[in-house]
Each structure stands twice: as structure tokens, then as C-alpha cells.
Amino acid sequence: MTEKRAQWGSNFGFIMAAAGSAVGLGNLWKFPYLAGKNGGGAFVLIYLLIVIFIGFTIMLGEMAIGRHTQLSSYNAYQKINKNWAFIGGLGVLAGFIILSFYSVVGGWVLNYMFKTVIGGIPTDTAAYFGSFISDPVLPIFWHLVFMAVTAIIVFKGIGGGIEKSCKFMMPALFIILVIICIRSVTLPGAAAGIAFYLTPDFSKITAGAVVAALGQVFFSLSLGMGCIITYGSYLGKDENLSKNSLIVPFLDTLVALLAGFAILPAVFAFGFEPGAGPGLMFITLPQVFAKMPLGTLFGFMFFVLVLFAALTSSISLLEVTVAYMQDQHKWARTKSVIVLSTIMFLMGVPASLSMGIWSGFLIFGKNIFDFLAFSSDIILPVGGLLMCIFIGYVWGIDKAVDEITNGGKISFKLKGLFTIMIKYIAPLAVVAVFLNALGVLKF
Ligand code: PHE
């Protein structure tokens, strides 16, 4: 039986859902450590430039494709031009890949949230993190819980599940983040962290750092895999797409920047290393909270914040695949959610085990977890590149603009910029970054 296509209750609901998809572990976990590793302010500057020029363009392109076709990504491409449906297929694949490892990290967050309150995180946080993630059972249990919560929200549908939960979780997240930022920047000794974060060290800007920034923009804005196409497909014709595609990246970037202010000054204030890498959130921060007055409270609030961010993203990842099964194979939502979340849970199990007992199993020199994360870093920019070519040369700029302006009824001041970006600059930038990576990273 086919179900009637859902719509967002309001444009605000759409923005919360899209910003919810964008704001996630990418902002809170990855962005601060990438900035910490790649020269602080210099990395932030490059990141901002890529968001402004490429992020905005691709987000708008995806919204236009989704709303025009009122279909999720595979079927959306297919409807416009059959030969290009594979781009949507690639996106569905990316949904599986990303959610399987994303949910494992979501499980870590749940564990840390509970552990902060019950029993506390042991003082040797590095040893604790290592033994927790390599445990064969506990992280998988939390991964299951995280996936189950994701599935329940998606099961409740667009309006009653995704929109409703994002309208609650996103503002809550923002408030908690601001409180933690204030706490962090007012700690004695925080100034050094603020300076590090804001002063660009251009010597750290290597080609590798630019590649990292580009990959991060795609991942953080949920671009290149049809997520925004899918969310856009539930939008009504009179919503202003160009405005929405400025607001969503703005909110996402704001949260990423604030996350840096929440984390880096505190790290400096207590004399830790900002370049600690992926362990920054799970190893360094618990030590920071342990030394902070009311640290348990702030630690708990912080992990609730991260949990909300991760959930509003994981539901969008699941929705991409669920909407595909609904549109293409006419599956009911219930069946799609149960079957797909089970598959993704199972895919996440080896990813979790690869941190411990399966760590010796390598694909191209990477363990399963890193390999999944690495594949998504490639698929998303490639998906974005193909989307630009698709809009610029297959569907045609005029048709996209017609959709964005709803047949000329809505003004679109950035039309010139959008055209140049989508036809030339964005695709060339992605190709340039890849070519660089081939030489610099030698993979
Ligand atoms: N944007 C999310 C984050 O930053 C991750 C994500 C990627 C979500 C792609 C959906 C699609 O955590």
C-alpha cells in the first residue's frame, strides 16, 4: 500500500530538522579536534570559506531537486533523468555506511552520559576510553540502544517523529551549548585557548588540512548523499529555498564555532593538549570536567547536548534509506524502519568490534571503523560533485532556478553566484582537492 506523502508542519519545523541533521557529532566531536590539529584559526578560516561558497550552493541544489520532484534522492534523480539515478543510489549506500559507524559513536556518548552521573568516569580517562571501546559487549549494547531510539523517532514519521523531536532537541541543544561556552570562556586561563582558536597559524595550512576542511564541510552539512534532497521533498512550494539554504549552514557553522569555544578554552585552562585528536571529547574533556567546579553537572549536560545532536543527525540518515524503500519499493514505513535499522545495527557490530578483538582485520590498512568513516569522506564530496554536474549540465540551471523561485514568484538575489558556483567553482574545487589528496595523502 502506498502512503500519502508527508509534509513538514511549518518552515520552522523544516529548518530545525535540516539543522538537526547538519548539527551532529561532526560539529561537536570532529570540528574542535580538527581545528585543534590543523592550526586553530587558520583551519576555521578555510572551513568558513568553503561553507560560504560551496556549502551554500550544494545545499540549495539539493533542496531544489528534492522539492521539485517531491521524491527522496534515488527517485528524485531518476525522475529528472533516468541515467543519473545512480547518484541517488550512492547516497542511499552512504546512509548505510555512515549510520552504521555513527551509531557506534552515538552509543559511546550514551555510555559517557550515564557514566558521568552513575559511578563517574575513572581518573585515567585514556585507559578507560581504550578499555570501553575495545570491550566486545558494552559498546554494542549502547549502539543497540542508540539505534533503537533513532528507529523509534523515524518510525513516528516526518511530522510526529522527526519534526517534533527536532523542534525540542535543537533549541535545547543550543541553550546547553551557550551555558557550557560561558562556563568555558570564563575559566581562569581560558584566554590562551581563545587566542589559539582565533589566531590563524598559516604554516599549518597544508593540502592535507584543506582536504580535511572540505570533507568536514560535506559531512557536517549533511551534503552529497541526498539527505537534504529527502528532507526538501517534504517541503511545500511556497517556502523560500534560497533563504533556507543560507539559514541551515549558518546554524550549523554557528554550532561548530561555539563547540570550539565550549571545548578549546577549557582544554587550555587545565593545561591539556588541543591537538589530542578524536580522543579530545572522550579522553580530554572528562578530565576537564573533573577539575571544574560543578563538573559532574557540566559533564552530564555536555553529553546530553552531544546526544541530542547525534540523534537529530542519525534520524536523518535513517530517513534517507527509509524514504528510498517507500518511494522505490513501496514499502510501508514500519517495515522499512525495522528492516533497515536492523541491518545498520548489524553493520555497526563489526565496526565496534574493530576497536577491540577485531582490530587486526584491516581493509586498505584501516580497521573496519576507520574504513567506513574514510569511505564516507570520499562518497560525500563525490556525490556533491556529481550533483553539481547534474544540475549545471543535465537538469539545467534554468530549471533549478525556476524551482528555487517557484516559477518566478520568490526573489533569488544570489542567482548569479549560484550559477557560477554550481557550474564551475564547486566541481573544480572538489576535483582540485581530490587531486591534491592523491599526491599529498598518498592513498
Ligand atoms: N551532519 C552530521 C554531523 O555533523 C552527519 C551527517 C552526515 C548526517 C551526512 C546526515 C548526512 O554529525
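Values below: every heavy atom of this structure, side chains too, minus hydrogens, waters and symmetry copies. Order of appearance sets the numbers: ligands from 1, and atoms from 1 within every ligand.
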(request) Report yes or no: do S359 and N367 form a side-chain donor-acceptor pair below 3.5 Å? (result) no
(request) Scan side-chain atoms only and decide if S242 and N240 contain a donor-acceptor pair under the 3.5 Å cut-off. (result) yes
(request) Taking the six-membered ring for Trp and the single ring otherwise, decide whether the centroids of F412 and F418 are under 6.0 Å apart. (result) yes
(message) For A94, which part has a heavy atom under 4.0 Å from ligand 1: side chain, backbone, both, or neither?
(response) neither
(request) Tell me which part of M225 gets within contact of ligand 1: side chain, backbone, both or neither, using heavy atoms under 4.0 Å. (result) side chain
(request) Taking all non-hydrogen atoms of both residues into account, name the closest pair between I50 and V210 and its distance. (result) CD1-O, 4.4 Å
(message) Considering non-hydrogen atoms of the protein only, which is the closest contact for atom 1 (N) of ligand 1, and what is the distance?
(response) F219 O, 2.8 Å
(request) Heavy-atom contacts with S316 under 4.0 Å: which atoms of ligand 1 show up? List them by number with element. (result) 10 (C)
(message) Please classify the S222 to ligand 1 contact at 4.0 Å (heavy-atom distances, strictly less than): side chain, backbone, both or neither.
(response) both
(request) Ignoring hydrogens, just give me the one of G106, A19, S376, A22 whose non-hydrogen atom is nearest atom 3 (C) of ligand 1. (result) A22
(message) Give me the nearest non-hydrogen protein atom to atom 2 (C) of ligand 1 as residue plus atom name, then the distance to 0.1 Å.
(response) S21 O, 3.3 Å
(request) Please confirm whether S220 comes within less than 3.5 Å of ligand 1 when only nitrogen or oxygen atoms on both sides are compared. (result) yes
(request) From atom 12 (O) of ligand 1, work out which of Y102, F218, F31, W29 has a heavy atom at the shortest distance. (result) Y102
(message) If you take the centroid of each ring, where Trp contributes its six-membered ring, are F31 and Y47 closer together than 6.0 Å?
(response) yes
(message) Centroid separation under 6.0 Å, is that true for the rings of Y231 and W8?
(response) yes
(message) Is the distance from the ring center of F361 to that of F371 below 6.0 Å?
(response) no
